[in-house]
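Notes for the one structure printed next.
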Amino acid sequence: MREIKKQPVSWRTGIIAGYAVIVILTSAVWLFSLLGPVSQALEDRQREGLVSVANATEVALAASELPVSNVLERISTSDNLRLTLISHEGEVIADSVKNAELTSHAERPEVVEALKGSMGFDKRVSETDGVEYLYVAIPSNARQAGAVLRVSMPLAQAHAAVMRFQWTSLALLVATFILAIGAALFAFTRAARPVSHLERVRTDFVANASHELKTPVAGIRLLSESISQASAEGDVEVIGQFAERLSHESERLQSLVADLMDLSRLEDEMHLTLGSDTCDLAKIARASFEAHQLTAQEAGLVFQWQSNLSAGVPCRVHLSVANAKILVDNLIDNAIAYTEHGSVTVQLDQMDSYAVFEVADTGIGIPADDHDRIFERFYRVDTARSRETGGTGLGLSLVRHAVLRGNGTIEIESALGEGSTFRVTLPLA
C-alpha cells in the first residue's frame, strides 16, 4: 500500500491559525469579564428603581386618606411590582397583591434591617411561587409608627437583559472572528504578492545581467584571440583595429559594471528614510550640461540651457552628489544618444518649494505603450539603437531610483517620432 505523506502546514497557515486563536481567546475573555459587571449593574439599577418606588409610596401613604391597600394597588400598576406594608411585629398590614399570603415577615433580612431604622435589601427565591425576587424595605411611619414598607420585583427582567447582552456579545464575537480571519487572509495574501514579485524580479535581473555581461565578455575573448593570431602572423594593422575594438568592449563592460553597482547601492538605500545628504542641483546640472556640450556639438545638435534661477543661486535638494549626477547625466546622455537631428534642451526651474529639472529633445520618441516599462532594468525601446550607442539598458532605471531616493517624481511626455521630455520634480532641502 502506498504511504500517503502528510503535507506540512505552511508558516502562513500557522500564523493565521495562531492569530485566530488569539482573537478568539481575547474576545472570549473580554466577553465573560463583562458578564459579571453588566449583570451587577442591571441589578443595581433595578434596586435603585425599587428604592424610588418605596419613597414615592411612603409620600403617597402620608398624603392620602384612602385605605392602605388601595394606595398600594394604585401605585403597583405592574403585575411584577409588589408593595407590602409590614408592622413592627412583622405582620402584614396591607399588600398590593390580593389574597396574598399573610405570614409573618419578621425574619426576612430586608425587614430586619428596616426595623432597625436603615434601608434593607435582599435577593432570594420566593417560597410561594419559586421565583427569584429583589427586595427593598424602608422604615415607614405614614400609617403606623415603626412599620416597614417593602417593595419587590422579580429579577427575570434583569436576567432577560443579561441574556440579550450575552447573545449580542456572542454575535459581536463571531463577527469579530470572521473579520479577523478575513483581515489576516487579506494581509498575508498581500504580503505574499511582493515576495513572489521579488522572486520574479530577482530571476529576471540575474538572467538579464548574465546576458548583458556575456556579450562584452565574449567580444573581449574573441578579440583577444584575434589579436594573438594577428600578432603571430605579424599583421600590425589588424592588431591596431582589434585593439581599438577591444578597448571599446572593455569600456562597455566597465560601464555596465559601474551601472550595476550604482543600481545595487540605490536599491539598498530605498529602505532608508530621507537622508541628511543634500546637494546643489543647479551646480551639478550646469556642470553636466557643459560636460556634454562637445558630444552634442559632434552630433550636430542645438544644445540649450534654460533656467529661472539667477547665476550662482543654489537649488538644494535631498540627494547626495553621486545620486544627483546619476539622475542628470543619464537623462542628458539619453537625450543626445536618441536624437539624430534637432535640439536638446536642459532646463532647471524652482517652483514654490520644488526644483523642476527637465530634459527635452526632438529625437526618435518613445511609443505610448512603452511609457510604463522604460524605467525597468535592461528594458530597451530600440535594442539595436541602444547597443549602437553603447547603452547598458540601466540608465532610466538608475534615474527612477535616484528620484525616489530624493522623495521626488518623474514624468514623461513622448510620442514616436516627436521627441521626448523627461520632467523630474524634487522637494527643496
Side-chain angles (χ1 to χ4, degrees), residues 251-252 254-266 269 274-339 342-363 375 389-412 419-429:
E251 289 175 359
R252 179 181 172 187
Q254 182 181 6
S255 177
L256 178 58
V257 171
D259 284 351
L260 286 172
M261 293 179 66
D262 285 335
L263 184 61
S264 177
R265 176 181 58 78
L266 283 168
E269 292 178 355
L274 197 62
S276 57
D277 291 340
T278 64
C279 69
D280 183 1
L281 186 61
K283 180 179 180 181
I284 293 173
R286 184 71 186 183
S288 180
F289 173 80
E290 293 174 354
H292 284 85
Q293 279 186 329
L294 179 59
T295 305
Q297 183 180 353
E298 292 176 348
L301 303 176
V302 176
F303 199 45
Q304 306 174 88
W305 168 267
Q306 296 179 359
S307 178
N308 64 0
L309 297 174
S310 302
V313 175
C315 180
R316 304 201 70 83
V317 294
H318 290 283
L319 280 176
S320 64
V321 173
N323 290 345
K325 287 183 177 180
I326 287 174
L327 190 160
V328 173
D329 288 343
N330 277 286
L331 287 181
I332 296 178
D333 281 338
N334 277 3
I336 295 175
Y338 290 95
T339 303
S343 65
V344 172
T345 302
V346 181
Q347 183 171 343
L348 177 64
D349 296 321
Q350 187 171 317
M351 298 181 180
D352 298 328
S353 58
Y354 292 91
V356 181
F357 177 70
E358 184 175 295
V359 179
D361 63 64
T362 59
F375 296 103
T389 58
T392 63
L394 293 173
L396 290 179
S397 181
L398 289 167
V399 170
R400 179 176 67 88
H401 280 79
V403 170
L404 292 176
R405 185 71 188 103
N407 201 27
T409 59
I410 184 168
E411 303 172 77
I412 176 176
S420 303
T421 298
F422 287 87
R423 185 177 301 106
V424 174
T425 303
L426 294 166
L428 295 174

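In terms of the salt bridge (charged side-chain N to carboxylate O under 4.0 Å, His left out) criterion, R316 has no residue partners (sequence neighbours excluded). With sequence neighbours left out, the side chain to side chain donor-acceptor pair (under 3.5 Å) criterion links T345 to Q304.
A donor-acceptor contact shorter than 3.5 Å is absent between the side chain of D361 and the backbone of V344. Side chain of S288 to backbone of I284: no donor-acceptor contact under 3.5 angstrom is found. Between the side chain of S307 and the backbone N or O of L348, at least one donor-acceptor pair lies under 3.5 Å.
Smallest separation of non-hydrogen atoms from A282 and V313: CB-O, 4.0 Å. Contact detail for S320 and C279: the closest heavy-atom pair is O-SG, 4.0 Å. Between L426 and V403 the shortest heavy-atom distance is CD2-O, 4.0 Å. Among all heavy-atom pairs drawn from T425 and V356, the shortest one is OG1-CG2, 4.3 Å. Closest approach of C315 and A355 over heavy atoms only: SG-CB, 3.4 Å.
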Intermediate values then yes/no, side chain to side chain contact (heavy atoms under 4.5 Å, CB included), E358 and T421: CA-CA 7 Å; E358 184 175 295; T421 298; 3.6 Å; yes

Between L319 and T278, does the side chain to side chain contact (heavy atoms under 4.5 Å, CB included) criterion hold? Intermediate values first, please. CA-CA 5 Å; L319 280 176; T278 64; over 6 Å; no

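Looking at H292 and D333, their side chains do bring a donor and an acceptor atom within 3.5 Å of each other.
Aromatic ring centres of F289 and F303: separated by under 6.0 Å.
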